[in-house]
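Notes follow the structure.
Small disclaimer: the values here were computed from a predicted structure and weren't measured. Heavy atoms only: backbone and side chains are in, while hydrogens, waters and symmetry mates are out.
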Amino acid sequence: MTDTGYSSQKTTVQITTTSATTTTSSTSNGAKIGPDVGYIKTIPGILRIVEIVLNFICIICASVATGYWGNGFHEAASFFEFVAVVGFIWTLVFFFLYFLKIVYVVTRVPWLIIDLILCAVWVVLYVIASIVAATKGGYHSSMAAAAFFGFAAAIIYAIDLALVIKNYVSLKKITGDTPHQTVPAASDDVY
């Protein structure tokens, strides 16, 4: 099996209170917040890094193009830049959530569902922004480059989306439960 960076191991949090109102918590799998260098070597980790790099390249291409006005060119470049900047920020945030193992400790948040929705939204936004950039690419070469890298980012986000969906379905079959409470460990295999 290939290492996908996901696992079927469930993390549960137990809360114990005493009469002195002291609260302690522990996780059943011993997950602690800290860097997980192994995540960088997994397919999801590599995809996140590629997404971050492509978003950064798209930001640069669109930034060069936003200085030109006329024929809706500035608006197209600004929309493309918006998609790239917001995509860069959320992808960077999710990269660090997985890299620092926060998703394995904070189990009440439906990480996989959020990841699935964000990947789907960014596939659609990058396809739209890239089509708009491609129509304006004849006016400035930076928009043509932005369209190329935008389509590349849409493809990478689509691959990431497919892996997240596959992981979601696999975890649902394995646990028999809605996997919003389950986030896989980076070093285990699901598939």
Side-chain angles (χ1 to χ4, degrees), residues 4-6 33 35-106 109-168 180 183-184 186:
T4 62
Y6 297 115
I33 296 176
D36 181 11
V37 180
Y39 175 70
I40 296 172
K41 299 174 186 175
T42 64
I43 293 172
I46 292 168
L47 285 174
R48 294 286 174 182
I49 292 169
V50 171
E51 289 165 358
I52 290 167
V53 169
L54 285 173
N55 278 312
F56 188 70
I57 292 170
C58 288
I59 291 169
I60 292 170
C61 292
S63 295
V64 170
T66 54
Y68 295 92
W69 294 84
N71 294 335
F73 188 78
H74 179 75
E75 292 81 6
S78 295
F79 174 67
F80 191 90
E81 188 174 26
F82 167 78
V83 170
V85 168
V86 176
F88 178 80
I89 291 169
W90 85 256
T91 304
L92 196 62
V93 166
F94 260 75
F95 174 80
F96 281 109
L97 287 174
Y98 280 101
F99 179 73
L100 296 174
K101 299 186 279 189
I102 294 170
V103 294
Y104 310 124
V105 176
V106 182
V109 178
W111 297 112
L112 285 177
I113 295 171
I114 293 170
D115 201 6
L116 187 145
I117 291 168
L118 288 174
C119 282
V121 166
W122 250 256
V123 167
V124 171
L125 284 177
Y126 257 122
V127 167
I128 293 169
S130 297
I131 289 171
V132 170
T135 62
K136 302 297 180 182
Y139 297 106
H140 199 276
S141 59
S142 67
M143 281 303 278
F148 172 79
F149 289 111
F151 281 123
I155 291 168
I156 298 299
Y157 277 114
I159 294 168
D160 196 5
L161 175 63
L163 288 176
V164 171
I165 290 170
K166 187 175 182 180
N167 182 48
Y168 182 85
H180 77 279
V183 174

Where Ile40 and Ile46 come nearest, the two heavy atoms and their spacing: O-CG1, 3.4 Å

Are Ile60 and Phe149 close enough, and set up right, to give a side-chain contact (heavy atoms from CB on, under 4.5 Å), and what steps lead you there? CA-CA 11 Å; Ile60 292 170; Phe149 289 111; over 6 Å; no

Examine distances only and state if a side-chain atom of Trp122 and a backbone atom of Val83 form a donor-acceptor pair shorter than 3.5 Å. yes

Lys101 side, atom NZ; Tyr39 side, atom OH - distance, nearest 0.5 Å: 13.5 Å

Where do Ala154 and Val123 come nearest, in terms of heavy atoms and distance? O-CG2, 3.8 Å

Closest non-hydrogen atom pair, Ala84 against Asn55: O-OD1, 3.6 Å

The reported gap from CZ in Arg48 to CG in Leu97 (rounded to nearest 0.5 angstrom) is 9.0 Å

Take a 6.0 Å sphere around CZ of Phe148 and say whether it holds more than 12 heavy atoms from other residues, nucleotides or ligands. no

For Ile131 and Phe151, what are the C-alpha separation, side-chain angles and deciding distance, and is it a side-chain contact (heavy atoms from CB on, under 4.5 Å)? CA-CA 8 Å; Ile131 289 171; Phe151 281 123; 3.9 Å; yes

Would you check if the side chain of Asp160 reaches a backbone N or O of Ile156 as a donor-acceptor pair within less than 3.5 Å? no

Reported CG-to-CD1 distance for the pair Asp36 and Ile102, which is rounded to 0.5 angstrom: 12.0 Å

Identified side chain to side chain contact (heavy atoms under 4.5 Å, CB included) partner of Tyr157 from the options Leu118, Thr91, Val124: Thr91

Please examine the side chains of Asp115 and Tyr168, heavy atoms only from C-beta on, and report whether any two atoms are closer than 4.5 Å. no

To the nearest 0.5 Å, tell me how far Phe99 CZ sits from Ile49 CD1. 9.0 Å

Separation of Ile33 CD1 from Leu100 CG (nearest 0.5 Å): 8.0 Å

Heavy atoms only: give me the nearest Phe95-Gly45 pair and the separation to one decimal. CE1-O, 4.3 Å

Can you tell me if CZ on Phe56 sees more than 12 non-hydrogen neighbours from other groups inside 6.0 Å? no

Do you know the tightest heavy-atom contact between Ala146 and Cys58? O-SG, 4.3 Å

Walk me through whether Leu116 and Leu161 qualify under side-chain contact (heavy atoms from CB on, under 4.5 Å). CA-CA 6 Å; Leu116 187 145; Leu161 175 63; 4.0 Å; yes

So, taking the atom named CG in Leu54 and the one named CZ in Phe88, what distance separates them when rounded to the nearest 0.5 Å? 11.5 Å

Tightest non-hydrogen contact, residues Ala76 and Lys136, listed as CB-CG, 3.8 Å

Indicate the ring-plane relationship of Trp90 and Phe94, choosing parallel, tilted or perpendicular according to the 30° and 60° boundaries. perpendicular

Assess whether side-chain contact (heavy atoms from CB on, under 4.5 Å) is satisfied between Phe80 and Ser130, documenting all intermediate values. CA-CA 7 Å; Phe80 191 90; Ser130 297; 3.8 Å; yes

Got a donor-acceptor contact below 3.5 angstrom from the Trp111 side chain to the Val106 backbone? yes

